[in-house]
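Scope of the values below: all heavy atoms of this structure, side chains included, with no hydrogens, waters or symmetry mates.
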Amino acid sequence: WKATGRDKPVLSSSSSSPASVIGMRKTLVFYRGRAPNGRKTDWIIHEYRLQTSQDAPTQVRNCSVLLLSLLLEN
């Protein structure tokens with residue numbers, strides 16, 4: 001798996017307040033074989049990480065949250 005591009009912000013969708021960054025998304029592409037001769041496949045993963053602030057309670061700051069979404073592009 002190889003990261004592509006930069007991490008992108010994930011914004012809240014609250015209608016009562018302006019959108020704020022609640023996490024980050026990283027896109028990774030699967031390559032068959034080893035770098036630099038690997039062959040890019042159509043499999044991608046989106047890795048979502050929760051954004052924590054210094055204002056958050058200690059329980060939230062010490063908690064690691066990671067969500068992966070595996071997709072086959074066509």
Side-chain angles (χ1 to χ4, degrees):
W1 292 98
K2 184 175 185 318
T4 61
R6 292 185 168 170
D7 290 4
K8 295 190 170 75
V10 176
L11 304 175
S12 67
S13 61
S14 174
S15 59
S16 62
S17 63
S20 61
V21 176
I22 58 172
M24 299 299 287
R25 182 186 80 195
K26 179 183 292 202
T27 302
L28 300 104
V29 177
F30 185 74
Y31 282 78
R32 195 177 296 270
R34 292 185 174 236
N37 300 323
R39 205 172 75 241
K40 184 178 175 181
T41 68
D42 291 333
W43 287 99
I44 64 169
I45 283 183
H46 289 157
E47 174 188 286
Y48 296 91
R49 291 184 317 280
L50 185 62
Q51 183 77 17
T52 58
S53 71
Q54 296 304 321
D55 304 353
T58 305
Q59 297 90 334
V60 174
R61 274 186 281 151
N62 294 336
C63 177
S64 296
V65 176
L66 180 67
L67 173 68
L68 298 175
S69 172
L70 178 63
L71 307 166
L72 177 60
E73 291 184 323
N74 288 330

Discussion item. Measuring from atom CE of M24 to atom NZ of K8, what distance do you get when rounded to the nearest 0.5 angstrom?
Written reply: 9.5 Å
Worksheet item: Any chain of hydrophobic side-chain contacts (each under 4.5 Å) joining L68 to L72?
Response: yes
Worksheet item: How far does CG of L28 sit from CD1 of I44, to the nearest 0.5 angstrom?
Response: 9.5 Å
Item to complete: Of all the heavy-atom pairs spanning V29 and T41, show the shortest one and how long it is.
Response: CG1-O, 3.9 Å
Worksheet entry | Atom of W1, atom of W43 and distance for their closest heavy-atom approach | CZ3-O, 3.8 Å
Worksheet item: Considering all heavy atoms of both residues, which atom of S69 and which atom of Y48 are nearest to each other, and what is their separation?
Response: CB-CE1, 4.2 Å
Worksheet item: What are the two closest heavy atoms between I22 and L50, and how far apart are they?
Response: O-CD1, 3.5 Å
Worksheet item: Looking at CD of E73 and NZ of K40, how far apart are the two atoms once the value is rounded to the nearest 0.5 Å?
Response: 7.0 Å
Worksheet item: Are the side chains of R49 and K26 in touch, meaning some heavy atoms are under 4.5 Å apart?
Response: yes
Worksheet item: Counting distance only, does the side-chain N/O of S12 pair as donor-acceptor with the main-chain N or O of S20 below 3.5 Å?
Response: yes
Fill in: I45 side, atom CD1; T4 side, atom OG1 - distance, nearest 0.5 Å
11.5 Å
